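Structure first, then comments.
Note that the coordinates shown come from a computational prediction; the quantities given were computed from them, not determined experimentally. So that the names make sense, note that chain A is the first sequence line, chain B the second, and so on, each numbered from 1.
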There are 2 protein chains.
Amino acid sequence: MDFKLSFKVNEAVYLRDPEASELGKLIIKHSIDLIYNLGFESFTFKKLAVEMGTTEASVYRYFENKHRLLLYIISWYWKYMDFLIDYQLQNITDNKQKLKTIIKMLTHELPISAGGLDYNKKFLNQIVISESSKVYLVKEVTEINKSEVFKPYKELCAKIAAVVSAYNKKYAYPKSLSSTIIEASHHQQFFSQHLPRLTDVTPKNKNEFACLFIENLAFGVLG
Amino acid sequence: MDFKLSFKVNEAVYLRDPEASELGKLIIKHSIDLIYNLGFESFTFKKLAVEMGTTEASVYRYFENKHRLLLYIISWYWKYMDFLIDYQLQNITDNKQKLKTIIKMLTHELPISAGGLDYNKKFLNQIVISESSKVYLVKEVTEINKSEVFKPYKELCAKIAAVVSAYNKKYAYPKSLSSTIIEASHHQQFFSQHLPRLTDVTPKNKNEFACLFIENLAFGVLG
DNA sequence: TGACATTAATAGCATTACTATCATTTATAA
DNA sequence: TTATAAATGATAGTAATGCTATTAATGTCA
């Protein structure tokens, strides 16, 4: 992969497009580092500004609040994952293999060098695991949803659902299975890292565990 | 059921036991109402105090912060669910029927009148669906976990896992399946309410949807 | 060069998340 | 009953957070 990647995130997410300026790109880059290090609850625009050597007010020109910033990062990830899935499925015809590939991608770190992105992939991955559900688990979800900002997630879900349906035409819950696969991928990774008693992880299969479980789950249901 | 129910929540969760005083019980009751109405992010001890006609300082005497209060409510729910499962499984011998009963309980509102509890069951249920994952999806999870406050969740998970294993002795991931069933029950209820495109819900099966999907998932995997 | 738009810097304010102090009420036990 | 401790209430205060407004500086292209 040797080209410039960029994803148009829904304009409703930001006040000023962070991809369109140096400062904007720095905000995203440093946010990923800082949210990873502090956790989303302790992350503030003030701390971000100090870290970057800029001011709070500058950050507020790009994002209404930190929730929107997180939504931007997660949207970006969803779009990126969507792209990667297309890319990786290109030469695969077998639907079982397609689904396996998707599950592998959802349960492993992002490929290191993809399209000259200098976001920290490891951090981004952990943020997705620990923080992504916080973008929709809010009181205002219905209001936020009206501006279509969750579209990338829905599209990703629909894409996986299409593979699920192609693999098993009779299966009645392709979309719910897909959203469950995505969410369970995150949860099982989080649990196996921090609350292993909620899983069947062993010291030996720590890195592969989520992938193994989700594969078993998906093909158990789909036959 | 005609008796007084009360669950000992781990002492590390609170500063003063809210079950042990009138004010304490009022704090929990009003918190459930207020968290439901405002969402956890907008909920503050100040607002709670005003609502109850007491002071912020009084609330702080019971809980270190609002995260601990949420953890108390969710722990209480886990313990209650654990109790209800025992109660409901009493006369069931068939493991398939046991698992069905558990899934039904996880995907439906709590029974209305149980043991003279005057917490709003509908609100408590919605809080569990929307807010419960926020108790562990925090940077300090490892630190918090040391004081065993997640034990009720782990015990609930282990209890379900035992039924799973009894139903299918060869199944390799009983605990992960159980935590997935719990989490997916919440997610699918949330999604079918607020982001239906992530599910296969129909206007007709709105109330039964999560139950149907999870049942299909569980028995699909377990045979 | 000058008009105009973008970005930065400063300041400020209301709310949040606590902590401390002291007076008052209520339960308890000598 | 009285003393004594424990729980609550009232008031205040501090530092951090979340956000807005205003002005200053910088670039840009007609």
Side-chain angles (χ1 to χ4, degrees), chain A residues 11-31 33-35 37-73 131 134-135 138-140 143-144, chain B residues 6 9 11-31 33-35 37-73 131 134-135 138-140 143-144:
Chain A
E11 294 187 9
V13 177
Y14 51 74
L15 299 172
R16 191 191 304 281
D17 184 0
E19 291 264 345
S21 76
E22 267 324 299
L23 184 67
K25 279 180 257 181
L26 276 176
I27 287 174
I28 304 305
K29 188 175 152 59
H30 282 92
S31 293
D33 295 355
L34 209 55
I35 292 174
N37 281 309
L38 303 177
F40 186 62
E41 283 71 26
S42 300
F43 168 81
T44 69
F45 279 3
K46 178 76 192 170
K47 289 174 188 169
L48 174 63
V50 170
E51 188 80 7
M52 297 173 54
T54 183
T55 61
E56 228 184 324
S58 301
V59 180
Y60 272 104
R61 251 180 254 114
Y62 286 82
F63 293 99
E64 216 179 309
N65 53 49
K66 69 174 184 174
H67 180 268
R68 290 294 165 132
L69 207 181
L70 181 64
L71 182 54
Y72 181 91
I73 293 171
E131 321 288 4
K134 296 171 190 171
V135 306
V138 291
K139 196 71 187 171
E140 313 80 30
E143 202 49 39
I144 297 173
Chain B
S6 97
V9 170
E11 293 187 10
V13 178
Y14 50 74
L15 298 172
R16 193 195 302 286
D17 184 1
E19 291 264 344
S21 75
E22 269 321 301
L23 185 66
K25 278 180 257 181
L26 276 176
I27 287 173
I28 304 304
K29 188 175 153 59
H30 281 92
S31 293
D33 294 355
L34 210 54
I35 291 173
N37 282 309
L38 303 178
F40 186 61
E41 282 72 26
S42 301
F43 169 82
T44 69
F45 279 3
K46 178 76 193 168
K47 289 174 188 169
L48 174 64
V50 170
E51 187 80 7
M52 297 172 56
T54 182
T55 62
E56 230 185 323
S58 301
V59 180
Y60 273 104
R61 274 188 211 109
Y62 284 81
F63 293 98
E64 216 179 311
N65 52 49
K66 70 174 184 174
H67 180 267
R68 290 294 165 134
L69 208 183
L70 181 64
L71 181 54
Y72 180 92
I73 292 170
E131 322 287 4
K134 295 171 190 169
V135 306
V138 291
K139 195 72 189 172
E140 314 79 32
E143 200 50 38
I144 297 173

Close N or O pairs between protein and nucleotides 11-16 of chain D (under 3.5 Å):
none

Can you give me the bend angle of the helix from dT1(C)-dA30(D) to dA30(C)-dT1(D)? Use the axis through the first five pairs and the one through the last five, nearest 10 degrees. 0°
CZ-CG distance between Arg61(A) and Leu15(A), expressed to the nearest 0.5 angstrom: 10.5 Å
Nearest 0.5 Å please: distance from the CG atom of Leu69(B) over to the CD1 atom of Ile35(B). 6.0 Å
Sorted by first residue and then second, give each side-chain hydrogen bond (donor to acceptor under 3.5 Å, both in side chains) pair with at least one member in residues 39-51 of chain A; sequence neighbours left out. Glu41(A)-Lys134(A)
Partners meeting side-chain contact (heavy atoms from CB on, under 4.5 Å) with [X] (sequence neighbours left out):
X: Asp17(B); value: Lys8(B), Tyr14(B), Glu19(B), Ala20(B), Tyr72(B)
X: Ala12(B); value: Asn10(B), Ser147(B), Val149(B)
X: Lys29(B); value: Asp118(B), Tyr119(B)

Any protein N or O atoms within reach of nucleotides 5-8 of chain D? Criterion: under 3.5 Å, listing atom names and distances.
from, atom 1, to, atom 2, distance (Å)
dA7(D), OP2, Arg16(B), NH1, 2.9
dA7(D), O5', Arg16(B), NH1, 3.4
dT8(D), OP1, Tyr62(B), OH, 3.1
dT8(D), OP2, Tyr62(B), OH, 2.7

Check side-chain hydrogen bond (donor to acceptor under 3.5 Å, both in side chains) between Tyr62(A) and all other residues, then give those that pass, not counting sequence neighbours. Ser21(A)
So where does chain A start and stop touching DNA chain C, 5' to 3', when the test is distance under 4.0 Å to a non-hydrogen atom? dT7(C) to dT10(C)
Round to a whole Å and report the spacing from CZ of Phe63(A) to P of dC19(D). 14 Å
Nucleotide dT17(D), atom C1' - distance to CZ of Phe45(B) in whole Å: 17 Å
For Glu11(B), does the CD atom sit with more than 12 other heavy atoms under 6.0 Å from it, leaving out its own atoms? no
Plane angle bin for Phe45(A) and Phe43(A) - parallel if under 30°, tilted between 30 and 60°, otherwise perpendicular: perpendicular
Under the criterion side-chain contact (heavy atoms from CB on, under 4.5 Å), which of Ile28(A), Leu34(A), Leu26(A) is the partner of His30(A)? Leu26(A)
Do Met52(B) and Leu23(B) have side-chain heavy atoms sitting under 4.5 Å apart? yes
Mind checking whether Arg68(B) and Ile144(B) have side chains closer than 4.5 Å, heavy atoms only? yes
Quick one: does any side-chain atom of Ser58(B) pair with a main-chain N or O of Thr54(B) as donor and acceptor, under 3.5 Å? no
